[in-house]
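One structure is given below, encoded as structure tokens.
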Amino acid sequence: IWVYEFKDEL
Amino acid sequence: MNIFRLAGDMTHLASVLVLLLKIHTIKSCAGVSLRTQELYAIVFATRYLDIFTSFVSVYNTFMKLVFLGSSFSIVWYMRYHKAVHRTYDREQDTFRHWFLVLPCLVLALLIHEKFTFLEVLWTFSLYLEAVAILPQLVLLQRTRNIDNLTGQYIFLLGGYRGLYILNWIYRYFTEPHFVHWITWIAGLVQTLLYADFFYYYFLRFIGGRGVE
């Protein structure tokens, strides 16, 4: 499961 | 996602595509700084370490792969491709770019949002990207005139972070607690470094001649 916990911008 | 960030990502994508187009089609990297390209490869390698651990969206992962792939392939082309390698003017591209890496790393160890391995490297990539264009701008001044493709590449590369600044302003007013001073200041410094380039680039449009 890839947990979203980092950044959402490139 | 907002229109400013999408425009910024598309402008950034366009800049790497213009450079790949120039290098791949006319097999020339004249006027392009290998040192800036190496710094950008490090920027993407340290910024996108989370590509395997955190999934944001297909778009996000796809764009990270594109930027990683293009930056490393440009470095490969300029270093090892027989035809392209010959057009690289090594004598002029002498900016001590490794002197940029260490201060950025030290600064990231001192100023960051969280003291974790990924976060410090991510912050390092922000600081490094802010100054990564310096070897290219120095090379530009030395080689005086540049061809259109290189000029367009630098213009798009400088413009993308400027669009990101509009994105941060938009997010600041639309999302509560969206405050990232480190990102904002690094992005502002990065964009300001292009100020004189933009000035001469627009003069070119007015004067209709090459970028002096």
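All values derive from a computational prediction rather than experimental measurement.
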Going by an N to O cut-off under 4.0 Å, is there a salt bridge joining R142(B) and D89(B)?
no

Centroid-centroid under 6.0 Å between H85(B) and Y80(B) rings
no

Under a 4.0 Å threshold between the charged nitrogen and the carboxylate oxygen, would D147(B) count as salt-bridged to K22(B)?
yes

Which bit of E113(B) is near chain A, if near means a heavy-atom gap under 4.5 Å: side chain, backbone, both or neither?
side chain

Residue F67(B) versus chain A: region with a heavy atom under 4.5 Å:
side chain

Please classify the contact of N60(B) with chain A as side chain, backbone, both or neither, using a heavy-atom distance under 4.5 Å.
both

Quick one: are the ring centres of Y201(B) and F155(B) less than 6.0 Å apart?
yes

